[in-house]
Structure formats: C-alpha cells, structure tokens
Amino acid sequence: MSSTMFDQIANKFKVVDDIMEHQPDSNKVALVFGASGEQGRAVLDGLLLHAHYGKIYGVSRNITNAEKLLAEHKQQEHIKGRVHLIEADLAKEESVEKVLMETKAESIFLVTTTDMPPHSKSCKVGEMAEYESIKKFFDTLVKVYNKDKISRHVLFSTADNVERINSMYEKPPIQPLEDGSVVANFSGKGRGAEYAMDLLADINDLKLTLITLPFLHSNFLGAAAPVPNETQTEWTINACLGENAIDMFSTSDLAYLVPAILEKPNEYDKQNLRISAEKITMGEAASYFASLFGKDIIYNPLTFDEMAAMPNLPSAGCMAQLGQYIADPRSAHHIALTEKVMFPRKPQLFKDWLLTHSDACALTNVGLNLDPAPITTVCVFGSTGMEGESVVKGLLKDTRKSYQIRAITSDIDSPKVKELKALDPDRVTIVKANLDDEGSLSKALEGAQGVFLVTDFFNFYHTGKTGFDYRKDVMGEVDEKGEAETDMEELHAKNIIDACEAAKTIKHIVFCTMEDINEMNKELDLGLADSDVGRFDAKARAAAYARKKKLSCTYVLMPMYSEHFFGLLAPEKRIDEETGRESIELAVPMKEDEPLMCMSIDDLGKAVANIFDSYQAVAGHEIGLVTDFVTVTEVAEMITEVFFQEKTNDNKVKGRCVEKRDVTVDEWVEARGTHTKDLGAMFGYFSKTDAVRKRRSVAKTLELCPDAKPFRQWLEANKNNVQFREKLGLR
C-alpha cells in the first residue's frame, strides 16, 4: 500500500501534538489489528496518549467502517498524522505480509473475532476459521522476519483453549454442542495462542505476550443487559454465570495496559497475563444497577439448558458454554498482576464503569434512563486553604448553574473565612465542623449533593504551633519505638468519606489527593531513599480507602503550583560578601535540571466545576492535573525575560538576569526549617519526570480547563503581582 494512500486517510483527522503526555518518536511504529473493534479502539487511544509512537497503523477488514468509528471516537482530535488506517485481511497471507513489510512496525497488538452463526455455518466452522487466521498471521510474521530481520513484539489478546482443558477430564464438565465445539469463541483463540507460543519459542527477536481477558463490563450492554418485563417495573439480568464472584475488566483500561506491556517486551516475553480488575457476583452487579437507576433489577441465574434455549440470543448454546466456563474456578484471573502491570493507574471498577455508561443506548432502549440529579450544593472541605479557596471561586464563577457553597472549617472566626463569605454572602455559607466528630460531619453534609475533599497536612504548622514535630503532631501518638500509631490527616479524610457514604444524598466527591511516593518508588524502582512523604502518602491511603466504598468519586492529583515561584520557591537577592555583587538567584533542588510539573492553583476551581457539571462521565477516574513541564533553568530564563529584560530603541536587550543556583535537597531544606523536610522528599520524586508523567496529563487538564495557561503565559498574566515584584526588588 502506497504512502500516498496512508496520507490521504490521515488527512481526515485533526491533532494537537503539543499536549501529548509523551512526545512521539518518529522512529517508533505501532500496528493495531482489529482497529475498528472495541479493544482496538481502546488500544489506539492508549498508544496515542500514553506512548511514544511516531506512527500508529490501524488495521481493519473494513476500512470504511473503521474510518466511521474512529471519526466518532472521542480522541479524534489527537489522531491526524499519527494514525493511518489500512484495509487488510488476516485470512490472507499476502495481505498480512504487505502490512508487516510496509509499516515495519516493531510493536503489534493483535485481536481476532470469531465469525459465529449466522456469519458462519456453525460455531465450529467459525472457530476453525479464526484459528487458521491466527496461525497464518504468525507463520507470516516469521516469514517476514526471515526477510527483514526486524525485531518485533506482538501482544495478542487471546482466550483459553477451553476445548483442550475440557478434554483433560474423564467426565468433561462442559458438554460439546452438536457440531463438536466447546466455547468456540474462546477455543479458536486459545489454540492459536498455543501455536504461536510454540512457533516463536526459539526466535529471540520475535517477542510474544498473551493477555487473557475475563468477563468484560461491556457485556452488560449486550448479552448481559437487563431485560424489562412488559410493564417495565422489573428488570432481569439473565445469564448462566452461577452465584459465585467472577473476574471482570473494563475494555477502556487496555489504553493503559497495552502501552505498559509494549514498553517492556523482554519482561513480558512468552507470558500469558490473565487480566482482572475485580471479582464480583452477578447479584452484586444487579444491585449496582438497582442502586444507580432506582429500579427493581435482579439477577436470574440460568441453567445451561435455559440459556441455550434463549430465542433472541445469537449462538445461545455457545454463550451458555461460555457462562459455564467463566463461572468455573479454573478460569480464574489475577487482580494483583493486573494492578502491577497497570501501575500506577488503577483498573476501573464495575460501579464506576456503570455510572460512566449510564446513558448508553443499550440501557436507554430497555427503559433504564438515568437523568443524573444536578449537583447544586457543594461542601468544600479545606475551604481556607489554597485548593479550597480556588474551588469556592471556581464554583461561584460557573455560569451554568448557581451553586450553593458550604465552606467547611473548624475556625469560623478566621480572617480567611470572612474573605470567603465576602465573595458572595448569598451563596457562600460558613459551616463549622469537627473532623473527629461523626455527628458534626453528618450535620455539615446534610442535604448536599457534592463534596470537594482536601486535607491539610500542614494544619498544625499553619496554626502557629511552636515546636512542630511531624511524627508527633501530625502522625498522632508514638509508641515506645517511636513509630507512628495513627495518621491524623488520613483519619480525618476517612471520617469525611464515611460521613459521605452515610449521608445518602452525596452524588459525587472530588478528592484532591496525591501519589503514594513510597509505593511509586518501590514499584517503578525510582532509586529514592525510603521516606515517609506525609503530605502525599496519607492522601493516597485515604483515596485507596474511598475506592472501596459505594461512592462516586473523581480523584484529582495536583502538581506543584505555579504560585510557589512567587513564594516558597521565589528567586532571592543575594550579596557576595567578598565582592559586594548583588544577584538574583533561583534555587530549586531538582536533580540534573529535570522538568518540574506545574499549574496555577486558580485553574483547579475551574476544573472541579467542570467535573461536578458532568460527574457521571469521570466517576472513578484519576485525573492528574498539569499544564506545563519546565526546568529550573527555563523558569529562571522566563522570569528574566518577563520581569527584567526590555528592548532598547536600537532593538538590543538590556536588564538583569535571574541566575539558576544548584542546590542539594539537604541544603534547600536546611535553609527553610524542619517542616520542609517533607517537601525535600517531594522534590526527590519530582526529579523522576517519567514517573511523574505516568500520573499527569496535559491533555486531560485542558479538556477540563481549556483556558489553563502554560507557565510562560501564566507569568506574563501575573507580571504586575505586587508581592512578587517586591521580592525581585521591582516597583
């Protein structure tokens, strides 16, 4: 296929390359077979947003259908110039060979489909055709390798060879259908995977990773969708899946899983990763439906014969076999392994998937219509801090609705509280609450629909308490060994979460949290010294606690605030004791001048307002906010250019320079007092830019806050900041 055709197809799409989390490497090429399907589209998303590929080829048997689906896809703005669609047929060797030779892709995602009746004569015929196409693909892969000697990594989304597993028993637990097939839509893939493993076993340059997916959440929009009775007063999920908990997973998480695996071909070579996000029963799934839609929705566990006889279910016999196998413990998958591969992302849970898909046509067509109750009253915890104040202002400025805001505080007489009230006396109510008192929290939340939650790590220090000691004053009581018994910040966050769950009226929580740096250090081998980064880790543990609750939450990770360069990190005037020379120096302990993530605190409020306005779309999501990554050297240059330099009449630049001064974390901490030891550890983490980027997204941030500014533009917008100008010695 000619490059001209690729270019013509690519021109149908629009892209914004400057907001990608990873700048593409023009030499890296990825190939996605099954691009028009559910899995293929999720993988395209992931490769575009979370990987470094300069070109990504999407392969489909029907390119017209693929173009239509991709054009409707939510990430279409990021596609132009990087995704090229190719029409090819896995069943035709010359078609596959041409694609492999022309694209020279080193990373390949493969997913296949089983043509079941009425698209084939029988389930067995469909299974055999799928197996032959998989076999032909891998034979062709080896043939192409023998020609071009290009190392390739194939990630094959497969399934178990249930027919083989079934035959191992003296009394097979699953009876074959009349055509002899046993879970045909699994067994063909499984046989193909076994063949590929044997074929590539001794070819070191051809890596192969298998992923075996469990019951997918999207099945609840298909064969497992609730079915109403004639009067639409009761809905039933009819499935042959037994009463025990089964493994489940969201297809959309392939966007994180697949890039993570493709990044490490050697680590995952010749492995079969059995993927799962959680184990829940179908009865629990039905209860989530009932709770969300406020309807009578139950699970009806069918027998094999009952499901096989369902008239409106295509290939009902095969689906009944599939249900038998999924419900069998032999099909178990591995949650811990999935979490490790996806780390630091968390797999989506069914309760969150259901809310984000509550408006799906498959549900509205059966009378399950959810008109999410609008959030009009929001409780803002931490209202007197930087984050809380930003959220109060952001909600007040939202023109779509008139929020009533409860600013929760323990000190209703503080000057900051009075400033908040003055913003809009009619819409801001000051509410006193004790974070240690369940009754106090319940009263504060009464009748509210939304909650913004942030806890203040520096609360003790900010109150002016002398002799501040983190381990004693923040971590609670200390035992004889000096080890912390209780983390008060974590406890307060959990108290609020428990109160939200008990309140019943709370529709959504926006939890402003942080990473668990010690966990990141361990899992990603960052090489950081063991440390308890209190302001990060306590929030991370509280967020993990919230995920286990039946609550709708969005987890917002904040970066370093741009405003810190006007305060804690502001340049300082220094005078050389020997020469008397005066200089302005910027000292931030970033190793090797790594980029530092930043965003203005003002943008948080706008982002939170947008989350509350469409909370069902981001339920369960973790959104790492960031608008720019800048090095300390770049910051010094930008401050110089914005605040000190000007052009003369002869077009020459004059003015002073802000100089970057190298400083170690220990030196920086020592100069600022003991309470900043935690921040010193934080900068150690910030220096690991690749790790930071795994949790932060400029693209997602701009979706929530389109007018958020990169650092240079933010500086220019704040050029007249009086406090900062005074620090710089400017009028």
Side-chain angles (χ1 to χ4, degrees), residues 15-25 48-52 77-78 344 386-387 390-391 394 512-515 520 536 556-571 586-608 610-611 622-645 658 660 679 682-721 724 728:
V15 74
V16 186
D17 271 335
D18 60 336
I19 62 173
M20 308 310 295
E21 278 77 272
H22 303 277
Q23 290 304 312
D25 180 346
L48 284 163
L49 290 176
H50 310 300
H52 300 272
E77 293 185 350
H78 310 301
M386 293 178 69
E387 296 90 348
S390 176
V391 169
C512 191
T513 182
M514 290 288 192
E515 300 98 319
M520 294 280 285
F536 275 48
V556 174
L557 301 181
M558 288 301 297
M560 194 201 72
Y561 306 134
S562 301
E563 284 78 1
H564 283 323
F565 285 106
F566 286 1
L568 181 67
L569 304 178
L586 178 64
V588 180
M590 292 293 288
K591 295 180 181 178
E592 299 178 359
D593 210 21
E594 288 281 355
L596 185 66
M597 60 175 178
C598 60
M599 186 185 88
S600 171
I601 187 63
D602 293 338
D603 293 326
L604 173 63
K606 304 169 191 175
V608 170
N610 283 328
I611 290 173
E622 176 186 282
I623 302 175
L625 296 179
V626 62
T627 56
D628 209 348
F629 288 87
V630 290
T631 67
V632 178
T633 297
E634 290 170 338
V635 171
E637 292 172 350
M638 291 177 189
I639 293 175
T640 296
E641 293 167 1
V642 172
F643 287 90
F644 289 101
Q645 291 187 345
V658 176
K660 172 183 173 292
L679 293 179
M682 178 187 75
F683 280 117
Y685 171 65
F686 284 172
S687 296
K688 306 293 183 179
T689 307
D690 286 342
V692 170
R693 286 180 188 266
K694 287 181 178 290
R695 303 290 283 270
R696 298 302 198 287
S697 169
V698 176
K700 295 288 186 184
T701 302
L702 294 182
E703 284 180 11
L704 284 174
C705 192
D707 60 348
K709 296 179 176 61
F711 186 75
R712 170 69 184 242
Q713 292 181 19
W714 176 84
L715 268 183
E716 292 171 344
N718 288 272
K719 187 174 182 178
N720 296 320
N721 182 288
F724 187 56
L728 297 175

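Because the structure is a prediction, the values reported are computed rather than measured.
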Step by step, would you call Thr633 with Leu586 a side-chain contact (heavy atoms from CB on, under 4.5 Å)? CA-CA 9 Å; Thr633 297; Leu586 178 64; over 6 Å; no
Discussion item. Using side-chain contact (heavy atoms from CB on, under 4.5 Å), reason through Phe711 and Phe565 one step at a time and then give a plain yes or no.
Written reply: CA-CA 10 Å; Phe711 186 75; Phe565 285 106; 3.7 Å; yes
Would you say the side chain of Pro710 lies within less than 4.5 Å of the side chain of Gln713, judging by non-hydrogen atoms? yes
| Lys/Arg-Asp/Glu bridge criterion (N-O < 4.0 Å) met for Glu515, Arg696 | yes
Thr701 side chain to Ser697 main-chain N or O, any donor-acceptor pair under 3.5 Å? yes
Using the six-membered ring wherever Trp is involved, compare the ring planes of Phe724 and Phe643 and label them parallel, tilted or perpendicular (cut-offs 30° and 60°).
perpendicular
Name each donor-acceptor pair under 3.5 Å that joins a side chain in residues 595-603 to protein atoms two or more places apart or in another chain, with its distance.
from, atom 1, to, atom 2, distance (Å)
Ser600, OG, Glu563, OE2, 2.6
Ser600, OG, Asp602, N, 3.2
Ser600, OG, Trp714, NE1, 3.3
Asp603, OD1, Lys606, NZ, 3.4

inquiry  = One pair to check against side-chain contact (heavy atoms from CB on, under 4.5 Å): Thr631 and Glu594. What are the steps and the verdict?
reply    = CA-CA 6 Å; Thr631 67; Glu594 288 281 355; over 6 Å; no
Test item: Val608 and Leu704 side chains (from C-beta on) under 4.5 Å apart, heavy atoms: no
Next item on the list: May I ask you to test the Met638-Glu716 pair for a side-chain heavy-atom distance under 4.5 Å?
Entry: no
Here the pair of heavy atoms bringing Cys705 nearest to Asn610 is N-ND2, 4.4 Å
Between the CE atom in Met558 and the CE atom in Met386, the distance rounded to the nearest 0.5 Å is 8.5 Å
Nearest heavy-atom approach of Val626 to Asp628 is CG2-O, 3.3 Å
Checklist entry - Taking Thr640 for the side chain and Val658 for the main chain, is one N or O donor matched with an acceptor at less than 3.5 Å? => result yes
Checklist entry - Less than 4.0 Å between a side-chain N and a carboxylate O, is that true for Arg712 and Glu641? => result yes
One should read off an interatomic distance between Leu715 CG and Lys719 NZ, to the nearest 0.5 angstrom, of 10.5 Å
Residues Val635, Lys660; criterion side-chain contact (heavy atoms from CB on, under 4.5 Å); working and verdict
CA-CA 9 Å; Val635 171; Lys660 172 183 173 292; over 6 Å; no
- prompt: Are the side chain of Thr627 and the backbone N or O of Lys709 linked by a donor-acceptor pair below 3.5 Å?
  reply: yes
Rounding to 0.5 Å, atoms OG (Ser562) and CG (Asn718) come to a distance of 9.0 Å
So NZ of Lys700 and CG of Leu625: to nearest 0.5 Å the spacing works out to 12.0 Å
